[in-house]
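Below you'll find the structure, written out as structure tokens, and then a few comments.
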Amino acid sequence: MLGKLTAQPGDKILELMQKFREDPRPVKIDLGVGVYKDATGRTPIMRAVKAAEKLWWEEEGTKVYTALAGDPGFADAMIELILADTLPRSHIAAAATPGGTGAVRQAFELVQMANPEARVFVSDPTWPNHLSILDHLGMTAIPYRYFDSATGGVDAQGMLDRLAELRPGDVVLLHGCCHNPTGANLNTAEWQAVLTVITEKRALPMVDLAYQGFGDGLHADAAATRRVVAQSPEALIAASCSKNFGIYRERTGLLIATTQDSGKTPLAQATLAHLNRQNFSFPPDHGARLVTRVLTDPALRADWQAELEEVRTGMLALREGLAAELQRLSGSDRFAFIAQHRGMFSRLGATPEQVETMRARSAIYMVGDSRINIAGLNAETVPILAKAMIDAGV
Ligand code: PMP
């Protein structure tokens, strides 16, 4: 049986990480993998998370199963963080999942259960896992135009033109903030125009929210998601705690289904629990407990928000530093978009050949589409990257 398997495509970012590790040059810069790093290159455990872990270690008295949808306190705390008072709790079904990836996967499966004909419209480009999970499930992905490489911004008109082809029951996958891989985001008016089309076409919005707090702040980064939920008859949200709580390996996420008709909530809730049961049964609990503790303990929450804010503003400063250095070296404003992008990523607009040149000449590692992880930079490496870009003809 095992001999009949066919090789699956490798993960480009993991392959890149491997090459980086094998590179013997003393000065090398890893801008590949999507993990936050501080100025020393470490991915720290956040202070409040560490404190919550200590408290929980003292308090935890059993490791018995929780509930199929996870601990209800986790869902409540996350719903408050993401949606505040956008909708009454009785209109919201939610289930804990293994990371944001688990939430994305379960969301697609939920769509498939309800409407096997549904097509999922995804931004071009999007996080590659969106496409590979859809493909794995045998679902149809339809790319919509998104990134305008000429400006480094969003091609909102191109996006709207494609969304005009939506059929009732189709799904539109949107990045709630901090678009991965481009860093380019819709503005408020563009969000509104997109939502109007989705509603007119009776399609379903699905928000992937993996970077709340990494863009313009916790509240601002949730604004678009809240707008989607407030205005749509139904919506799905796949939320990840990996980045904003720094708990990547704890696998902590939440799938949320909202409805304007609270009569639909019990069936949605039961179906989310059923899906968990079929895929992995009970979701991981440890990370969810830490998140709940941090969000519900005022002192821990304040400390977490302060540290998250340092992370966010640190990345913004790196963006501004890189844009300024590129302006100095190129004598033009053509890289100003880097300071306008938000989140951990920016697509620089380099060709695959230029990306390869930067790797060969300067030991700078980025994904072939020229996505960089801003957090992989620091004050010393910003000028190195800027010079390498200009030298490579970007
Ligand atoms: N969505 C997007 C757009 C992401 O970038 C990520 C993380 N790379 C995720 C979802 C999910 O991350 P995780 O499963 O680690 O929570």
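In each ligand, atom 1 is the first atom listed, and ligand 1 is the first ligand listed. Owing to the predicted nature of the structure, the values given are computational and were not obtained by experimental measurement.
Considering every non-hydrogen atom in both Phe147 and Gly152, the closest pair reads CE1-O, 3.4 Å.
Not a single salt bridge (charged side-chain N to carboxylate O under 4.0 Å, His left out) links Arg226 to another residue, sequence neighbours left out.
Side chain to side chain, Asp135 and Ser132 fail the donor-acceptor criterion of an N or O pair below 3.5 Å. Between Thr252 and His286, the side chains place no donor N or O within less than 3.5 Å of an acceptor N or O (distance only, hydrogens not considered).
Under 4.0 Å from any atom of ligand 1, one finds heavy atoms of residues Gly99, Gly100, Thr101, Trp127, Asn180, Asp208, Ala210, Tyr211, Ser240, Ser242, Lys243, Arg251.
Between the side chain of Arg359 and the backbone N or O of Phe20 there is no donor-acceptor pair closer than 3.5 Å.
One finds a salt bridge joining Asp303 and Arg47 here, because a Lys/Arg side-chain nitrogen approaches an Asp/Glu carboxylate oxygen to under 4.0 Å.
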